[in-house]
Structures are given as C-alpha cells and as structure tokens.
Amino acid sequence: MQTNQTKTADRMLQFRETLRIHALKATAQRLAVHEAMLTLCHASADSVAEWIKDNGRCKVSVATVYNILSQMALLGVYHHRMSANNKMYFDVNTNRHIHLYDIQNNEYVDFVDKELTDFIDNRIKSRKFKGFKVDSIDIQIIGHPNRRTSRQQ
C-alpha cells in the first residue's frame, strides 16, 4: 500500500517527466508550485504563493506562480476555472469529475460520480446543437454550507 508521501514522490517524478517531454527545466519554482498544488488540490495563484512562502520552498512572486500554473494548464497538467470571486483557480485533478463550488468560501471540492458523468456525457453527445460542436463538458454545482456544516468563525 502506498503512503501519501510515496504518492507525492511518484507524482513529482511524473511532473519532472512532463517537464522533460516539453523541454522545460525543473526549476525550484515549478517544482514548488507543483508540490503546493498536490497539497492544495484546488488553488489560486495567491494561495499557491502563500503555501510556498509558508513552507519555505523558494522565493517566488504571485505573478510567476500564475504564469507557471497557466503554462501547466496549457500542457494539461492542471485544469483551470474562474470562480465567482473573479479569481482563476487551478485543479490538480484532471480526471473527469464534477465540482461542488462553495460560493461563501470560494472553495472547490471534487465530486466523483462516474454513473452521473457518463449519463450526462451520453445525453449531451446524443443531441445536436445547430452551429455548435461540444468539445467537453464541465459541470459545477454551486452552493453554500448548510447550518450543520458551516465553518465556525
């Protein structure tokens, strides 16, 4: 059985290989951003930069973090999405899944339901949209914590 530390090490090796394939250097900044993303899962450039600073990995500006995240999203390492608070969030999980978006705390949580995503994919793919071709389906469920799960201030 793999531990979280082993999984992270494996994912860092995979990341280094992705960088090599795309002729990109495995800089301290890129590695720190990826390590932060593996820990945070869904994050903005601000939160990644803060994690890197708090964990003393290297010095990096928010702009550099954003550029790295954007570049990695273009390579398919992360997905990205705009939140209701007009911040770009990046997602380390590139597998098919649905997002639950907490509009009060501006946080994403993965919701994996293969049966539901297969049903939606099949339903959409069976439809014709005049003058429009569907490239992908991205589902986001927007809500807020109910009283039982609200965070205590």
Side-chain angles (χ1 to χ4, degrees), residues 1-15 18-19 22 29-55 57 60-153:
M1 186 167 119
Q2 280 191 321
T3 64
N4 282 343
Q5 195 172 25
T6 305
K7 286 180 191 176
T8 299
D10 288 347
R11 292 182 81 182
M12 289 301 289
L13 285 173
Q14 290 171 352
F15 181 67
T18 299
L19 293 174
H22 293 285
Q29 291 83 3
R30 284 187 180 120
L31 295 174
V33 165
H34 192 63
E35 185 178 2
M37 285 301 298
L38 291 176
T39 302
L40 300 171
C41 299
H42 302 91
S44 66
D46 293 328
S47 56
V48 170
E50 184 178 319
W51 186 94
I52 292 168
K53 180 183 170 200
D54 290 348
N55 288 280
R57 297 297 190 244
V60 63
S61 69
V62 174
T64 298
V65 169
Y66 182 81
N67 289 337
I68 292 169
L69 289 168
S70 296
Q71 181 182 43
M72 294 303 114
L74 288 172
L75 297 178
V77 176
Y78 312 130
H79 286 168
H80 63 282
R81 59 182 48 256
M82 186 65 74
S83 69
N85 66 343
N86 289 323
K87 274 192 176 183
M88 183 66 69
Y89 280 76
F90 295 85
D91 184 359
V92 75
N93 181 356
T94 59
N95 297 318
R96 286 180 54 234
H97 63 285
I98 297 169
H99 282 107
L100 300 175
Y101 178 64
D102 174 349
I103 198 159
Q104 283 182 336
N105 298 298
N106 296 303
E107 294 177 346
Y108 290 95
V109 175
D110 290 343
F111 174 62
V112 178
D113 184 329
K114 184 175 176 0
E115 183 180 344
L116 179 59
T117 53
D118 286 347
F119 172 79
I120 292 167
D121 285 351
N122 291 331
R123 180 78 172 140
I124 295 294
K125 288 176 184 173
S126 70
R127 305 217 32 179
K128 301 283 187 231
F129 299 96
K130 187 176 181 180
F132 190 80
K133 181 184 178 294
V134 176
D135 294 321
S136 67
I137 300 168
D138 183 16
I139 301 168
Q140 176 172 284
I141 300 170
I142 301 169
H144 62 276
N146 61 29
R147 290 183 186 169
R148 287 180 287 172
T149 61
S150 283
R151 297 168 186 250
Q152 293 184 353
Q153 302 290 336

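Heads up: numbering here begins at 1 and tracks the sequence.
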* Derivation and outcome, side chain to side chain contact (heavy atoms under 4.5 Å, CB included), residues Lys7 and Leu38 -> CA-CA 10 Å; Lys7 286 180 191 176; Leu38 291 176; over 6 Å; no
* Could you walk me through whether Tyr78 and Tyr89 pass the side chain to side chain contact (heavy atoms under 4.5 Å, CB included) test, one step at a time? => CA-CA 10 Å; Tyr78 312 130; Tyr89 280 76; over 6 Å; no
* To do: Please assess Asp46 against Lys87 for the test side chain to side chain contact (heavy atoms under 4.5 Å, CB included), listing each intermediate value before the final yes or no.
  => CA-CA 9 Å; Asp46 293 328; Lys87 274 192 176 183; 2.9 Å; yes
* Should Met72 and His34 be marked as a side chain to side chain contact (heavy atoms under 4.5 Å, CB included) after you check the CA-CA gap, both sets of side-chain angles, and the distance that decides it? -> CA-CA 9 Å; Met72 294 303 114; His34 192 63; over 6 Å; no
Side-chain donor/acceptor pairs under 3.5 Å, residues 108-125, sequence neighbours excluded:
from: Tyr108; atom 1: OH; to: Met82; atom 2: O; distance (Å): 3.4
from: Asp110; atom 1: OD1; to: His42; atom 2: NE2; distance (Å): 2.7
from: Asp110; atom 1: OD1; to: His97; atom 2: NE2; distance (Å): 2.9
from: Asp110; atom 1: OD1; to: His99; atom 2: NE2; distance (Å): 3.4
from: Asp110; atom 1: OD2; to: Asn93; atom 2: ND2; distance (Å): 3.0
from: Asp113; atom 1: OD1; to: Glu115; atom 2: N; distance (Å): 3.3
from: Asp113; atom 1: OD1; to: Leu116; atom 2: N; distance (Å): 2.9
from: Lys114; atom 1: NZ; to: Asp118; atom 2: OD2; distance (Å): 2.7
from: Thr117; atom 1: OG1; to: Arg96; atom 2: NH2; distance (Å): 3.2
from: Thr117; atom 1: OG1; to: Asp113; atom 2: O; distance (Å): 3.2
from: Thr117; atom 1: OG1; to: Lys114; atom 2: O; distance (Å): 3.1
from: Asp118; atom 1: OD1; to: Arg96; atom 2: NH1; distance (Å): 3.1
from: Asp118; atom 1: OD1; to: Arg96; atom 2: NH2; distance (Å): 3.3
from: Asp121; atom 1: OD2; to: Arg96; atom 2: NE; distance (Å): 3.1
from: Asp121; atom 1: OD2; to: Arg96; atom 2: NH2; distance (Å): 2.5
from: Asn122; atom 1: ND2; to: Asp118; atom 2: O; distance (Å): 3.1

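The shortest side-chain heavy-atom distance between His80 and Ser70 does not fall under the 4.5 Å cut-off. Counting heavy atoms from C-beta outward, Tyr66 and Ser61 have side chains that stay 4.5 Å or more apart. Using a 4.5 Å cut-off on side-chain heavy atoms (C-beta onward), Met88 and Leu69 make no contact.
The side chain to side chain contact (heavy atoms under 4.5 Å, CB included) check on Thr94 picks up His79, with sequence neighbours excluded. Under the rule for a side chain to side chain contact (heavy atoms under 4.5 Å, CB included), the partners of Thr39 that lie at least two apart in sequence or sit in another chain are Trp51.
Here the CD atom belonging to Glu107 is positioned 12.0 Å from the SG atom belonging to Cys41, to the nearest 0.5 angstrom. The CG atom of Leu13 sits 11.0 Å away from atom OG1 of Thr18, with the distance rounded to the nearest 0.5 Å. From Ile52, atom CD1 reaches atom CD1 of Ile68 across 7.0 Å, with rounding to the nearest 0.5 Å. Expressed to the nearest 0.5 Å, how far CG of Asp102 lies from CG of Leu100 amounts to 9.5 Å.
Annotation for Phe132: atom CZ does not count as buried by contact number, only 12 or fewer foreign heavy atoms lying within 6.0 Å.
The shortest heavy-atom contact between Ile103 and His144 is CG2-CB, 4.3 Å. For the residue pair Tyr101 and Asn85, the shortest heavy atom distance occurs at OH-N, 3.9 Å. Contact between Ala45 and Val65 at its shortest, heavy atoms only, is O-CG1, 3.6 Å.
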